[in-house]
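Everything below concerns the one structure shown next.
What you see is a predicted model, and the numbers here were worked out from it, not measured in a lab.
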Amino acid sequence: MKGLRLPVGNPVWARQWQAFRSNRRGYWSLWIFLFLFIASLGAELIANDKPLLVRYDGDWYTPVFHTYPETTFGGFFESEANYRDPVVKELIEDKGWMLWPPIRYSYNTINYDLDVPAPAPPSSDNWLGTDDQGRDIVAGLIYGFRISVLFGLMLTLLSSLVGIVVGALQGYYGGWLDLSGQRFLEIWSSMPTLFLIIILSSFVSPSFWTLLVIMLLFSWMALVDLVRAEFLRCRNMDYVRAAHAMGVRTPVIMFRHMLPNAMVATLTYLPFILNGAVVTLTSLDFIGFGLPPDAPSLGRLMGQGKANLHAPWIGISVFVTLTVMLTLLVFIGEAVRDAFDTRKFLQ
């Protein structure tokens with residue numbers, strides 16, 4: 001890890017990468033976050049109610065990736081095999097074996113073999129206990145972490161894209177386009193965003209994509225002012241005038257010559273925008289206006305903790321997960337901000 005070097009030819013980027021690495025807290029936070037995120041992408045291989053691999057009667061099966069009826073293993077039903085069923089387990093183990101993931105539960109798997117009423121406390125079977133429906137907390141956290149980060153990344157990417165384009169057009173052309181755009185932004189940003197998202201979510205069937213579109217309507221304004229200010233500053237500089245005189249097309253001037261200057265400030269904001277997107281999704285799920293009820297959700301787990309104060313392991317588990325995730329993102333954002341701070345290189 002110590003000998004890692006970023007393969008960039010631009011000395012400016014190399015200097016900024018070294019500045020990022022010098023911030024040990026942000027540097028290690030990036031690696032920890034990447035490890036957790038990459039691990040969560042393979043959640044089905046870590047927490048699942050289906051075996052990773054089945055050896056039966058001389059043949060190999062992969063239930064994680066394929067659906068097999070119970071009759072494949074000598075059962076009576078044409079429906080998908082329930083590998084947690086003692087009958088199915090006995091049928092398979094009579095002529096083979098099963099390789100299970102470390103956690104034998106998915107986010108929606110109900111443990112019917114609890115020794116106590118749900119929510120059950122932590123045990124060797126359910127490491128962090130279960131919720132009030134008997135679902136494993138660890139599996140819910142892994143799947144909830146994945147969908148929260150994926151949702152936040154997509155919202156951050158799309159909102160940044162829209163914000164950069166709008167800010168670039170306002171700053172480059174100025175005049176009536178800039179004035180009308182600023183008035184629209186003032187009106188649009190003054191609206192009660194959370195209430196509007198709740199109202200719109202109640203009109204449409206909740207899903208990952210519809211919620212993403214609804215939140216995109218109000219999250220694209222974060223970078224507009226930054227990009228606009230940078231384009232207003234750069235549009236009268238000599239290199240822009242020279243490009244105009246040489247007949248370079250306007251889109252090329254905007255996005256090849258001027259945009260890199262604006263991206264310095266933009267990149268420093270991206271981790272914080274991602275942080276805000278995750279918090280907003282969690283808040284909406286907590287109050288019941290977020291993802292569908294059958295989707296894994298950290299906010300819904302937090303609601304379970306609030307409704308079951310006598311089971312503190314639920315609330316504590318979600319709180320620790322959110323705290324670690326958001327803290328890592330803040331530390332990464334601070335390191336990126338310091339890496340792009342030109343004042344540090346002038347001292």
Inset, instruction - Using atom types as modelled and distance alone, determine if a side-chain donor or acceptor of N275 lies under 3.5 Å from a backbone N or O of L326. - result: yes
Spacing of [atom1] belonging to [X] relative to [atom2] belonging to [Y], to within rounding of 0.5 Å:
X    : Y    : atom1 : atom2 : result
L267 : L226 : CG    : CG    : 11.0 Å
I314 : N308 : CD1   : CG    : 5.0 Å
L301 : S317 : CG    : OG    : 8.5 Å
M215 : F151 : CE    : CZ    : 4.5 Å
I332 : T327 : CD1   : OG1   : 11.0 Å
D338 : R25  : CG    : CZ    : 9.0 Å

Inset, instruction - Can you label the angle between the Y68 ring and the F73 ring as parallel, tilted or perpendicular, going by 30° and 60°? - result: perpendicular
Inset, instruction - Would you please classify the geometry between the Y27 ring and the W31 ring as parallel, tilted or perpendicular, with 30° and 60° separating the classes? - result: perpendicular
Specify the closest pair of heavy atoms between [X] and [Y], including all atoms of both residues, with the distance to one decimal.
X    : Y    : value
Y56  : G74  : OH-N, 3.8 Å
W97  : L53  : CH2-CD2, 4.1 Å
D285 : G299 : CB-CA, 3.8 Å
L155 : A277 : CD2-CB, 3.7 Å
A47  : I142 : CB-CD1, 4.4 Å

Do other residues, nucleotides or ligands put more than 12 heavy atoms under 6.0 Å from [X] [atom1]?
X    : atom1 : answer
F319 : CZ    : no
Q182 : CD    : yes
R183 : CZ    : yes
W209 : CH2   : no
F77  : CZ    : no

Is the closest side-chain heavy-atom distance between [X] and [Y] below 4.5 Å?
X    : Y    : result
H310 : P119 : yes
W220 : V165 : no
Y269 : L223 : yes

Inset, instruction - Apply the test side chain to side chain contact (heavy atoms under 4.5 Å, CB included) to residues Y83 and W100: give CA-CA distance (whole Å), side-chain angles for both, the deciding distance (0.1 Å), then the verdict. - result: CA-CA 10 Å; Y83 301 93; W100 286 89; 3.8 Å; yes
Inset, instruction - With R235 as the cation and Y172 as the aromatic partner, state whether NZ or CZ is under 6.0 Å from the six-membered ring centre and within 45° of the axis. - result: no
Inset, instruction - Using the rule that two of Ile, Leu, Val, Met, Phe, Trp, Tyr join whenever any of their side-chain heavy atoms come within less than 4.5 Å, decide whether V87 and I92 are in one cluster. - result: no
